[in-house]
Colleague: 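Dumping the structure here so I can ask a few things about it.
The residues of the chain are indexed from 1 along the displayed sequence.
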Amino acid sequence: MSRRRKVSTTVAPESLAYLHSLIRQGRARNLADAVDLAVARARRADNRARLERDTTAYFARLSSRSQKEESRLEAALDQSLDDVDFDG
């Protein structure tokens, strides 16, 4: 585990209740782990939002020729996925 830094702060009662619920559910061993878990979830959500934003911007900047090529690749991938047995 990485070295921890001491943090002293106050939180809203509902935030503290949420952190304690993570401990009760066995998802965290203690308050520090619960905070780490909540922060990790927030960071993942931020990363997904940034990826979505960047992907949208990428496709918005494509030339019409590149958009046609992307569409062709999308169709080829879609067709090839029909042959994949994800359950097998």
Colleague: Do you know which two heavy atoms are closest between Leu31 and Ile23, and how far apart they sit?
Modeller: N-CD1, 3.5 Å

Colleague: State the NZ-OG distance between Lys68 and Ser63, to the nearest 0.5 angstrom.
Modeller: 9.5 Å

Colleague: Quickly, which of Glu69, Glu70, Glu74 forms a salt bridge (Lys or Arg N to Asp or Glu O under 4.0 Å) with Arg72? Name it, please.
Modeller: Glu69

Colleague: Just so I know, are the side chains of Gln25 and Ser21 near enough to count as touching, which here means a heavy-atom distance under 4.5 Å?
Modeller: yes

Colleague: Mark yes or no for whether Ser66, through its side chain, and Leu62, through its backbone, hold a donor-acceptor pair below 3.5 Å.
Modeller: no

Colleague: Is Arg43 atom CZ crowded by more than 12 heavy atoms from other residues, nucleotides or ligands, each under 6.0 Å away?
Modeller: no

Colleague: Once you round to the nearest 0.5 Å, how far does CZ of Arg24 lie from CG of Leu19?
Modeller: 10.5 Å

Colleague: Verify the cluster assignment for Leu37 and Val39: are they in a single hydrophobic cluster under the rule of side-chain heavy atoms below 4.5 Å apart?
Modeller: yes

Colleague: Strictly below 4.0 Å, N to O, side chains only: are Arg4 and Asp33 in salt-bridge contact?
Modeller: yes

Colleague: With the side chain counted from C-beta on, respond yes when Phe59 and Thr55 share a heavy-atom pair under 4.5 Å apart, and no when they do not.
Modeller: yes

Colleague: If I take atom CG from residue Asp46 and atom CG from residue Leu51, how far apart are they, to the nearest 0.5 angstrom?
Modeller: 12.5 Å

Colleague: Looking just at side-chain N and O atoms, do Arg44 and Asn47 make a donor-acceptor pair shorter than 3.5 Å?
Modeller: no

Colleague: Examine distances only and state if a side-chain atom of Thr56 and a backbone atom of Glu52 form a donor-acceptor pair shorter than 3.5 Å.
Modeller: yes

